[in-house]
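Working notes for the structure below.
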Number of protein chains: 2
Amino acid sequence: MKNISKEDYLSVIYKNSDDNKEIKANLIAEKLLISNAAVTDMLRKLSKEALIDYKPYKSIKLTESGENYAKNMVRRHRIWELFLHQVVGLPWDKVHDEAEKLEHSGSDELINRMEEMLNFPEFDPHGDPIPSKDGAIPKQRTTVSLSTLVENDSGVVIRVNDFNKSFLIYLAQIGIELNSIIEVKEKRSFDNSMLISVSQKEWNISETLAENVFVEKLKA
Amino acid sequence: MKNISKEDYLSVIYKNSDDNKEIKANLIAEKLLISNAAVTDMLRKLSKEALIDYKPYKSIKLTESGENYAKNMVRRHRIWELFLHQVVGLPWDKVHDEAEKLEHSGSDELINRMEEMLNFPEFDPHGDPIPSKDGAIPKQRTTVSLSTLVENDSGVVIRVNDFNKSFLIYLAQIGIELNSIIEVKEKRSFDNSMLISVSQKEWNISETLAENVFVEKLKA
DNA sequence: ACACAAACTTAAGCAGACTTAAATATAAAG
DNA sequence: CTTTATATTTAAGTCTGCTTAAGTTTGTGT
């Protein structure tokens, strides 16, 4: 039962690797809020178990089996998120932390059962893809940042950045959810703020907010 | 996050204390499958935190705060069980193990939300009472063992002993669930086996099985 | 009342996952 | 190509929850 730690490391490596699928020890330490020394320690262990390729002082890469392991953790996390949101009705900004705690427990059977209940979803409440049982990853839909839309454009919300909790809370407040339809009413060139309408209501949003909401553009 | 162990000890103490609310270290070790030395160790820690009354070589008793803690764990466990059974549709014999893993995670908020979804249930799938948020414990309904019924008696299933997994699987197979109605068709005095009917079907069951199923007797 | 088995505690030690501090590699800049 | 800053590793130590082995206490049976 003490693989929790290992699981966290693998998830972090998976989620934060660059385009070459490599990552630096430093980043892992930052994300997990632990010392670099602890990271080195664990890297040696993961390497011994052939879950990562690791040579001292070089950057780190998951092996195939390490990647499978990590993908499964991501899968578990995202299915929990979606389940908590959809079935239990937990608000958007709470599901991440809750899922973080639950993802290490629960049998694969339970995960599969929840996936089935959710009708084999492809994306979680943040719009991130959910790896399937066999490790396949749904292709990201082609999305653009809300900030790229201009007056009279509209789009469906596909994904939002999970970068900040109060951001998520605010989104919920103004009624922006997965699949919400957003229409740009006005756009101000001097600060790129915009007036949008979401489910009959209008709101003024900053460029920062718009940059972190991703939509699929609708035909005019 | 390392209160898992503490939580397990407190639950075991709570669930296995005798009528005087006392328990011996030995029993704890047996239930948790660990050495007596480990138990002594932890008892000293729990005692230091005033969760138990403990003097070396004497039997152990929860303090009030220890009991509250333990009750909350039992509550969490049983709500998970019921949720997994009722909402997720996990079979009877699987919920216990699954809940054991999940009970340590998940916020109180999540537990409360699930409780609400379940409409503030008083008993879990095994028929055991679920402590409420404020620690109140629903009174056991007056039940008798199925083995005490005689020919032509019938009863509603209220609780079953969780003593053995294959027992639970067999119950599910022959269709005995919470709230099933069981009618005793025949009873054989030489071995106390009985022929019962459950939802239109008839089954022959041993005395051992009958002893571990508890029903509320129905008027003839 | 005494002996002895069973129950319990103490002691020493180990593994996992950390920490801080010091040492060493690597990379970037002059 | 040397200096310096940054990233990484090593070393030594801590804390938790266990283990085995050895030593105590308790209570039971005759």
Side-chain angles (χ1 to χ4, degrees), chain A residues 1-14 16-62 66 69-70 73 100-101 103-105, chain B residues 1-14 16-62 66 69-70 73 100-101 103-105:
Chain A
M1 182 143 295
K2 278 285 96 44
N3 291 322
I4 289 184
S5 202
K6 214 160 279 179
E7 294 178 354
D8 287 334
Y9 278 84
L10 292 172
S11 293
V12 165
I13 295 171
Y14 180 74
N16 297 283
S17 290
D18 62 23
D19 300 333
N20 270 338
K21 297 201 168 191
E22 298 190 337
I23 190 174
K24 311 247 216 59
N26 209 6
L27 224 191
I28 302 174
E30 265 175 42
K31 293 285 174 183
L32 291 173
L33 303 174
I34 54 178
S35 70
N36 285 331
V39 173
T40 303
D41 231 58
M42 180 58 85
L43 292 180
R44 236 186 286 102
K45 291 175 198 163
L46 291 174
S47 178
K48 211 180 301 171
E49 295 182 44
L51 293 165
I52 58 172
D53 285 330
Y54 168 64
K55 300 279 170 220
Y57 294 103
K58 294 295 164 57
S59 57
I60 300 119
K61 197 172 188 173
L62 290 169
Y69 199 124
M73 288 314 297
E100 197 115 277
K101 292 179 260 161
E103 66 187 352
H104 303 293
S105 324
Chain B
M1 183 143 295
K2 277 287 97 50
N3 291 322
I4 290 185
S5 204
K6 214 160 280 180
E7 294 178 354
D8 288 334
Y9 277 85
L10 291 173
S11 291
V12 165
I13 294 171
Y14 180 74
N16 296 283
S17 290
D18 62 23
D19 299 332
N20 270 338
K21 298 202 167 192
E22 298 190 335
I23 190 174
K24 313 249 215 55
N26 209 7
L27 224 193
I28 302 174
E30 266 174 41
K31 293 285 174 182
L32 290 172
L33 304 173
I34 55 178
S35 70
N36 285 333
V39 173
T40 302
D41 231 58
M42 181 59 83
L43 292 181
R44 235 186 287 103
K45 291 175 198 164
L46 291 174
S47 178
K48 212 178 303 171
E49 295 183 45
L51 293 164
I52 59 172
D53 284 331
Y54 167 65
K55 300 277 171 222
Y57 295 105
K58 294 294 163 57
S59 56
I60 299 117
K61 198 171 188 172
L62 291 170
Y69 200 124
M73 287 314 296
E100 196 114 279
K101 291 179 260 161
E103 65 187 352
H104 302 294
S105 324

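Computation of the quantities below employed the complete heavy-atom set of this structure, encompassing side-chain atoms and omitting hydrogens, waters and symmetry-equivalent molecules. Chain letters run A, B, ... following the sequence lines, proteins first, then strands; residues in each count from 1.
Nearest approach of B:Ala25 to B:Asn36, heavy atoms of both residues: O-OD1, 4.4 Å. Pairing each heavy atom of A:Leu27 with each of A:Asn16, the nearest pair is CD1-O, 3.9 Å. In terms of heavy atoms, A:His104 sits closest to A:Met73 at ND1-CE, 3.7 Å.
If you take CG of B:Leu46 and C1' of D:dC18, they are 15 Å apart, rounded to a whole angstrom. In this structure, B:Asn36 atom CG and C:dA6 atom C1' are separated by 10 Å, rounded to whole Å. B:Leu32 has its CG atom 8 Å from the P atom of D:dC18, to the nearest Å. Distance A:Leu27 CG to D:dT6 P: 17 Å, rounded to the nearest Å. When rounded to the nearest whole Å, the span between CD of B:Glu7 and P of D:dT16 equals 16 Å. Taking atom CG of B:Asp41 as the reference point, atom P of D:dT16 lies 11 Å away to the nearest angstrom. One interatomic measurement links the two molecules: CD1 of A:Ile34 to P of D:dA7, which rounds to 16 Å at whole-angstrom precision. One atom, CD of B:Glu30, and another, C1' of C:dC8, lie 14 Å apart when rounded to the nearest Å.
Among the protein residues, A:Ala25 comes within range of the sugar-phosphate backbone only, with heavy atoms under 4.0 Å from sugar or phosphate atoms but none that close to a base. Backbone-only engagement by A:Asn26 is indicated by non-hydrogen atom pairs under 4.0 Å involving sugar-phosphate atoms exclusively.
Residues from residues 50-58 of chain B placing a heavy atom under 4.0 Å of any atom in DNA chain C, listed by number, are B:Tyr54, B:Pro56, B:Tyr57.
In terms of phosphate contacts, B:Arg44 brings a side-chain nitrogen or oxygen within less than 4.0 Å of OP1 or OP2 of C:dT10. Between B:Thr40 and C:dT10 there is no side-chain polar atom (N or O) within less than 4.0 angstrom of OP1 or OP2. Contact check, B:Ser35 against D:dT19: a side-chain N or O comes under 4.0 Å of OP1 or OP2. OP1 or OP2 of C:dA17 lies within a sub-4.0 Å distance of a side-chain N or O belonging to A:Lys45.
Judged purely by atom type and a 3.5 angstrom limit, A:Ser47 has no side-chain atom pairing as donor or acceptor with the backbone of A:Leu43.
Residue pairs meeting the salt bridge (Lys or Arg N to Asp or Glu O under 4.0 Å) criterion with at least one member in residues 46-56 of chain B, sequence neighbours excluded, are B:Lys6-B:Glu49.
Remark on DNA chain D: of its neighbouring residues B:Met42 and B:Ala37, the 5'-side contact belongs to B:Met42, judged by nearest-heavy-atom nucleotide.
Here the options are A:Ile13, A:Val12, A:Asn26, A:Ile23, the test is side chain to side chain contact (heavy atoms under 4.5 Å, CB included), and the partner is A:Lys31; only A:Val12 passes.
Annotation: side chain of A:Tyr9 is in contact with side chain of A:Ile28 (closest heavy-atom distance under 4.5 Å).
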